Each structure stands twice: as C-alpha cells, then as structure tokens.
Amino acid sequence: MRYTVFDLTEDWGHEASGLSLEEAFARLMAVAGRDYSFARDSGEMRLLFQRRQPQPEIGFSSDEWMEFMNPDFRSAITNDEEARRSIMEQMIEHGLGTYRAIPDEQYRAEMEECLRPRLNTHLEPRVGRGWKPLE
C-alpha cells in the first residue's frame, strides 16, 4: 500500500504521495518537526519523539489535547521489526498535529469529491415573491 502525507491546513497540491509505510512515517515526523527513535521498555517497543521547536501555548490546560498532540505509541510484539511497523501503522492512523497520512486511493477519491463541481438542478431562476419576467 502507498500513502499520501498532507497538512490539513494547506490547500490541495502540497502533499507527498506514493510513499511506502516507512517513508510516510518518516515524512510525518519530518514535517511535524519531530526527532524520533524506537526503544524497548519492559518488553514493549515504544516510539519516543521530541519536538524540534517548543510546543505553542494553547491558552488553556487540557489533558486530552496534550495526549492528542503527544500520543504514546507502543507495541507488545516481540520481533523488533514487526513492532516498529505496528507503531508506524498506529502513527499513520492517528496522524500528528495537523498532518495526516492516508492511502493514495483514498486521498485521490477525497480530492475528486472535493473538486467535483456541484450541478444546479433548478431549471428556473430561484427568486423571491413578486418576481415577474421581463416582457
């Protein structure tokens, strides 16, 4: 499967597509400004990452927001390579901040849906009361 990485706040056309799982994961981390590594902790593989820039102030305290912006991805799979892939899949599914990665086919379908012109099915002009055609 190939993935497209994009920023929810950007216009269409500012994306990277055709990426493998590993490439999409690395791209997400890069555009979100994160340095990362994988490490075993009590038998679990964990994704450790750190922001390159300080997190912006949001003006309120919210544990849910902090958890969303700083997710904790883990895997109990004993094979390191499989555990890393599992964590990468979790990250791809979750996204990171305003950055997302979805399968290329899904991205293309959503882009086509957004760009498809809406057809006007009304044949007569839609006007208010008192409208009379010009003679």
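Predicted model, so just to flag it, every value in this text is computed and none were measured.
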If you look at every heavy atom in [X] and [Y], which pair is closest and at what distance?
X      : Y     : answer
Arg100 : Gly95 : NH1-CA, 3.5 Å
Pro103 : Met1  : CG-SD, 3.6 Å
Ala39  : Leu48 : CB-CD1, 3.7 Å

- Report whether Tyr99 and Phe49 are members of the same hydrophobic cluster (ILVMFWY, side-chain heavy atoms less than 4.5 Å apart, transitive linking). yes
Spacing of [atom1] belonging to [X] relative to [atom2] belonging to [Y], to within rounding of 0.5 Å:
X      : Y     : atom1 : atom2 : result
Gln106 : Tyr3  : CD    : OH    : 10.5 Å
Ile87  : Phe25 : CD1   : CZ    : 8.0 Å
Phe73  : Met91 : CZ    : CE    : 4.5 Å
Gln50  : Ser37 : CD    : OG    : 9.5 Å
Ile92  : Leu28 : CD1   : CG    : 5.0 Å

- Ser86 and Glu89: side chain donor to acceptor below 3.5 Å: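 No, no side-chain donor-acceptor pair sits under 3.5 Å.
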- Query: What pairs with Glu22 under salt bridge (Lys or Arg N to Asp or Glu O under 4.0 Å), at least two apart in sequence or on another chain?
  - Reply: Arg85
- Query: salt bridge (Lys or Arg N to Asp or Glu O under 4.0 Å) with Arg46: which residues, sequence neighbours excluded?
  - Reply: Asp41, Asp72
- Side-chain heavy-atom pair Met45, Asp80 within 4.5 angstrom cut-off: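 When only atoms from C-beta onward are counted, Asp80 and Met45 do touch, with a gap below 4.5 Å.
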Please answer whether the main-chain N or O of [Y] pairs with a side-chain N or O of [X] as donor and acceptor at a distance below 3.5 Å.
X      : Y      : value
Glu113 : Glu110 : no
Arg2   : Leu21  : no
Arg34  : Val31  : no

Not counting sequence neighbours, which residues clear side-chain hydrogen bond (donor to acceptor under 3.5 Å, both in side chains) with [X]? List them please.
X     : value
Glu81 : Arg84
Glu44 : Arg74
Glu93 : none

- Query: Does Ser17 have any side-chain contact (heavy atoms from CB on, under 4.5 Å) partners at least two apart in sequence or in another chain, and if so, which?
  - Reply: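 So Ser17 forms a side-chain contact (heavy atoms from CB on, under 4.5 Å) with Thr4, Asp104.
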